[in-house]
**Q** 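Mind looking over this structure? Questions follow.
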Amino acid sequence: MQRQQIIKTVRRRKVELVRFLYCGNDGVIRGKACHSRFLPSYLESGIGLTVAMQSFNMLDQLVPEGSFGPVGEIRLMPDPETFAVLPYVAKTARLLCEMVTLEGEPWGACTRTFLKRMIARARSAGVTLKAAFENEFTLATQDRVPLDRSPCFSSIGMDSAAPLMLEIIEALQAQGVYPEQYYAELGPGQQELPVRFADALHAADNQITLRDTARGVAWQHGLLASFAPKPFPDQAGNGSHVHFSLWGLKDGKNHFHDPKGRYGLSEAGYAFVGGVLAHLPALVALTAPTVNSYRRLQPRFWSSAYTAWGPDNREAAIRIPSKRRGLEMESTNLELKPCDPSNNPYLALGGLLAAGLDGLERKLDPGEPALVDPDTLTETERKRRGIRRLPATLAQALDALERDEVLRPALGDVLAKEYIAVKRSEVRGFEGKDVAFEIEHHFYKY
Ligand code: GLU
Ligand code: MG
């Protein structure tokens with residue numbers, strides 16, 4: 001939306017507060033709001049923010065080994081395209097922001113800018129990524145009692161969550177995010193709401209909208225919508241599997257689609273899979289980035305635990321979903337499972353692009369398909385096929401990210417250093433603490 005239009009809409013809709021939002025290195029959605037009376041000037045200059053916020057972790061601590069402290073400012077500069085009046089809070093609108101320096105230059109620690117950089121890298125290779133996050137989340141009371149114990153995909157579950165889910169669905173559409181399916185998932189109070197795919201930047205923005213909207217609407221009902229990866233230690237986790245495809249800029253075609261390819265996937269598709277699998281132990285530090293994430297990435301929970309790929313294999317890290325008849329090109333995509341909604345979606349999609357593009361450049365071979373749950377193969381067989389266990393802890397994932405010669409440089413020195421410092425501090429913050437402490441913090445903040 002043009003700036004003038006935003007200002008008009010704000011007046012017409014009697015908006016009082018306009019939130020300038022961003023997603024932190026810790027995956028928490030944060031921001032500041034300005035009063036609508038002063039919006040025109042803040043649209044120009046952005047809202048000031050202490051540099052320290054990019055050294056904050058999800059326990060709300062300023063990380064001692066971070067680069068940023070009490071001295072220094074940046075600006076939250078809104079992208080006017082992201083303007084939306086919030087349907088679930090009275091007289092409030094929001095804009096999604098990038099972090100810029102006082103001189104108006106992109107700031108090295110900004111995650112949305114990182115994704116834009118990776119999108120530009122793809123464009124220079126003649127392609128663009130389209131993606132959608134397939135979110136699962138848990139509805140529960142403030143004391144974390146799940147909304148119901150309905151069976152998987154049951155209409156019992158659909159009925160018990162119906163009024164709330166319909167409100168969430170309507171609120172999303174009012175903000176330009178389009179849910180495509182809905183079902184009550186396996187876990188207690190668990191819902192799944194896949195939305196329509198969009199180009200990578202919009203897909204990441206949509207993820208912020210969806211998380212905020214589900215939580216905001218639930219809050220109006222006195223409930224919590226939690227996107228914690230493992231809200232109950234022994235039950236199904238909350239994934240945000242990424243469905244993605246790569247489209248040609250010139251021909252406007254899906255470059256993953258090849259009717260003659262094995263499972264209908266093109267050579268480019270296989271090379272992209274090769275890249276993602278090669279970097280996966282490091283990539284999960286971006287896509288599944290909390291301490292709680294690693295409680296989810298266990299065998300037999302359909303969230304994946306190994307660097308394997310396979311056609312319609314729901315225990316493989318990358319699934320090639322079967323195509324929809326009559327919509328073969330449009331529906332050709334890959335699904336990355338070791339990804340959850342506690343991540344910063346700009347980092348997750350930027351990292352996915354960097355890994356996949358590396359596969360394309362080096363024409364990496366993803367190896368043999370896994371046609372069974374990789375956990376049922378013997379260790380020797382997995383070794384023969386080059387299937388590795390995903391990191392079992394956030395600390396291990398961060399070690400892999402630190403060593404990764406594609407992902408770390410892609411993030412750039414400033415962002416990589418800060419991200420790793422923030423995440424290492426989260427590892428320490430939960431060391432020696434019990435499961436209850438871990439779940440309490442993740443349940444509430446994601
Ligand atoms: N809840 C599973 C996860 O943690 C995914 C189940 C499914 O949709 O296949 O990723
Ligand atoms: Mg699901």
Side-chain angles (χ1 to χ4, degrees), residues 1 3 6-7 10 15-84 86 92-120 201 204-205 208-209 211-212 286 289 343-347 350 408 410-426 429 445:
M1 208 184 264
R3 286 185 183 174
I6 293 177
I7 293 161
V10 159
V15 168
E16 294 280 336
L17 290 174
V18 183
R19 297 178 185 175
F20 283 40
L21 298 179
Y22 68 94
C23 187
N25 273 330
D26 58 357
V28 175
I29 302 167
R30 303 171 187 262
K32 289 181 172 181
C34 74
H35 194 274
S36 53
R37 182 178 298 121
F38 303 106
L39 180 63
S41 71
Y42 283 113
L43 281 176
E44 288 300 323
S45 68
I47 291 188
L49 186 76
T50 161
V51 286
M53 292 316 291
Q54 278 304 67
S55 301
F56 253 61
N57 68 18
M58 61 80 76
L59 288 162
D60 231 20
Q61 298 155 338
L62 177 60
V63 179
E65 67 275 44
S67 317
F68 307 118
V71 184
E73 276 266 309
I74 47 146
R75 299 283 178 254
L76 287 176
M77 190 56 83
D79 179 344
E81 292 296 321
T82 64
F83 176 80
L86 296 181
T92 305
R94 74 96 212 258
L95 286 151
L96 301 180
C97 299
E98 272 151 41
M99 296 170 164
V100 302
T101 65
L102 299 183
E103 290 73 40
E105 297 297 321
W107 190 41
C110 173
T111 63
R112 197 172 188 263
T113 307
F114 161 65
L115 175 56
K116 280 174 130 179
R117 249 189 359 255
M118 292 307 109
I119 291 170
L201 189 64
D205 288 344
I208 304 292
T209 308
R211 278 174 53 190
D212 257 6
L286 302 174
N343 68 29
N344 172 317
Y346 303 106
L347 293 175
R408 202 179 16 83
L411 289 166
D413 288 344
V414 180
L415 185 55
K417 173 168 190 274
E418 225 42 42
Y419 183 74
I420 291 168
V422 164
K423 288 291 156 184
R424 290 257 185 235
S425 80
E426 290 179 8
K445 289 169 194 167

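All residue numbers refer to positions in the sequence shown, counting from 1. Keep in mind that what you see is a predicted model, and the values were worked out from it rather than measured.
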**Q** Could you tell me which non-hydrogen atom of Gly69 sits nearest to which non-hydrogen atom of Leu62, and how far apart they are?
**A**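 Heavy atoms only, the tightest pair is CA-CD2, 4.3 Å.
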**Q** Walk me through whether Arg112 and Asp205 qualify under side-chain contact (heavy atoms from CB on, under 4.5 Å).
**A** CA-CA 9 Å; Arg112 197 172 188 263; Asp205 288 344; 2.7 Å; yes
**Q** I'd like to know whether Val10 forms a side-chain contact (heavy atoms from CB on, under 4.5 Å) with Phe83, so could you lay out the CA-CA distance, the side-chain angles of the two residues, the decisive distance to 0.1 Å, and finally the verdict.
**A** CA-CA 10 Å; Val10 159; Phe83 176 80; 3.7 Å; yes
**Q** Supply the atom-to-atom distance Leu347 CG to Thr111 OG1, rounded to the nearest 0.5 angstrom.
**A**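 Answer rounded to 0.5 Å: 5.0 Å.
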**Q** Would you find a donor on one side and an acceptor on the other, under 3.5 Å apart, between the side chain of Lys445 and the backbone of Val28?
**A**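 No.
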**Q** If the threshold is 4.0 Å, N to carboxylate O, is there a salt bridge linking Arg37 and Glu16?
**A**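 Between Glu16 and Arg37 there is no salt bridge, as every charged N stays at least 4.0 Å from the carboxylate O atoms.
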**Q** Considering only NZ, NE, NH1 and NH2 on the basic side and carboxylate oxygens on the acidic side, decide whether Arg94 and Asp212 come within less than 4.0 Å.
**A**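 No, this pair does not count.
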**Q** If you round to the nearest 0.5 Å, how far is SG of Cys23 from CD1 of Ile208?
**A**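 The distance works out to 4.0 Å.
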**Q** Taking side chain as C-beta onward, heavy atoms only, is Lys32 less than 4.5 Å from Leu49?
**A**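 A side-chain contact exists here, since the closest heavy-atom pair is under 4.5 Å.
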**Q** Short question: side chain of Ser36, backbone of Val15 - any donor-acceptor pair under 3.5 Å?
**A**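 Indeed, once roles are kept as given, a pair shorter than 3.5 Å links the two residues.
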**Q** Find the distance between CD (Glu105) and CE (Met77) and round it off to the nearest 0.5 Å.
**A**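 Going from CD on Glu105 over to CE on Met77, the span is 11.0 Å.
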**Q** Please report the shortest heavy-atom distance between Gly27 and Arg211, naming the atom on each side.
**A**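 Closest heavy-atom pair between Gly27 and Arg211: O-NH2, 2.7 Å.
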**Q** Quick one: does Ser45's side chain get under 4.5 Å of Arg75's, heavy atoms only?
**A**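 No; the side chains remain at least 4.5 Å from each other.
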**Q** Evaluate the salt bridge (charged side-chain N to carboxylate O under 4.0 Å, His left out) criterion for residues Lys423 and Asp26: first the C-alpha distance (whole Å), next the side-chain angles of each, then the deciding distance (0.1 Å), finally the verdict.
**A** CA-CA 7 Å; Lys423 288 291 156 184; Asp26 58 357; over 6 Å; no
**Q** Start with the C-alpha distance between Ser425 and Gln61, add both sets of side-chain angles, then the distance that settles side-chain hydrogen bond (donor to acceptor under 3.5 Å, both in side chains), and finish with yes or no.
**A** CA-CA 9 Å; Ser425 80; Gln61 298 155 338; 5.2 Å; no
**Q** How many angstroms lie between CE in Met99 and CE in Met53, if you round to the nearest 0.5 Å?
**A**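 Reported to 0.5 Å precision, the distance equals 8.0 Å.
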**Q** What about Tyr22 and Trp107, are their ring centers closer than 6.0 Å?
**A**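 Aromatic pair excluded; centres sit 6.0 Å or further apart.
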**Q** In this structure, are over 12 heavy atoms from other groups packed under 6.0 Å from Tyr42 atom OH?
**A**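 Count not over threshold, so no.
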**Q** Tell me if a side-chain donor or acceptor on Arg117 pairs with a main-chain N or O of Ala410 at a distance below 3.5 Å.
**A**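 Side chain of Arg117 to backbone of Ala410: a pair is present.
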**Q** Tell me whether the count of non-hydrogen atoms from other residues, nucleotides or ligands lying under 6.0 Å of CG in Asp60 goes above 12.
**A**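 Atom CG in Asp60 is packed in, count exceeds 12.
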**Q** Between atom CG of Leu415 and atom CD of Gln54, what is the distance when rounded to the nearest 0.5 Å?
**A**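 Taking CG in Leu415 and CD in Gln54, the distance rounds to 7.5 Å.
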**Q** Checking side-chain contact (heavy atoms from CB on, under 4.5 Å) for the pair Arg30/Leu21: CA distance, chi angles, key distance, verdict?
**A** CA-CA 6 Å; Arg30 303 171 187 262; Leu21 298 179; over 6 Å; no
**Q** Say you draw a straight line from CG of Leu39 to CD1 of Ile6; how long is it, rounded to the nearest 0.5 Å?
**A**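 The distance works out to 7.0 Å.
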**Q** Should Thr101 and Ile74 count as side-chain neighbours, where that means a heavy-atom distance under 4.5 Å?
**A**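 No - every pair of side-chain heavy atoms lies 4.5 Å or more apart.
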**Q** Would a 4.5 Å heavy-atom cut-off, applied to side chains only, mark Phe56 and Val63 as touching?
**A**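 No, too far: nothing below the 4.5 Å cut-off.
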**Q** How about Leu95 and Arg19: do any of their side-chain heavy atoms sit closer than 4.5 Å?
**A**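 Sidechains of Arg19 and Leu95: no contact.
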**Q** Hey, are the side chains of Ser55 and Glu418 touching, using non-hydrogen atoms and a 4.5 Å cut-off?
**A**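 Sidechains of Glu418 and Ser55: in contact.
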**Q** For a quick test of reading the model, state the closest non-hydrogen atom pair linking Pro78 to Gly46 and the distance between them.
**A**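 In terms of heavy atoms, the two residues are closest at CD-CA, 4.3 Å.
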**Q** For Arg424, is there an ion pair with Glu65 - N to carboxylate O distance below 4.0 angstrom?
**A**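 Judged by the 4.0 Å cut-off on N to carboxylate O distance, Glu65 and Arg424 do not form a salt bridge.
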**Q** Can you tell me if Asn344 and Tyr419 form a side-chain donor-acceptor pair at under 3.5 Å?
**A**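 On atom types as modelled, these side chains do not qualify, holding no pair under 3.5 Å.
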**Q** Taking side chain as C-beta onward, heavy atoms only, is Leu43 less than 4.5 Å from Ile7?
**A**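 Leu43 vs Ile7: side chains touch.
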**Q** Do Met1 and Pro80 come within less than 4.5 Å of each other through their side chains, counting heavy atoms only?
**A**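 Met1 does not reach Pro80 side chain to side chain.
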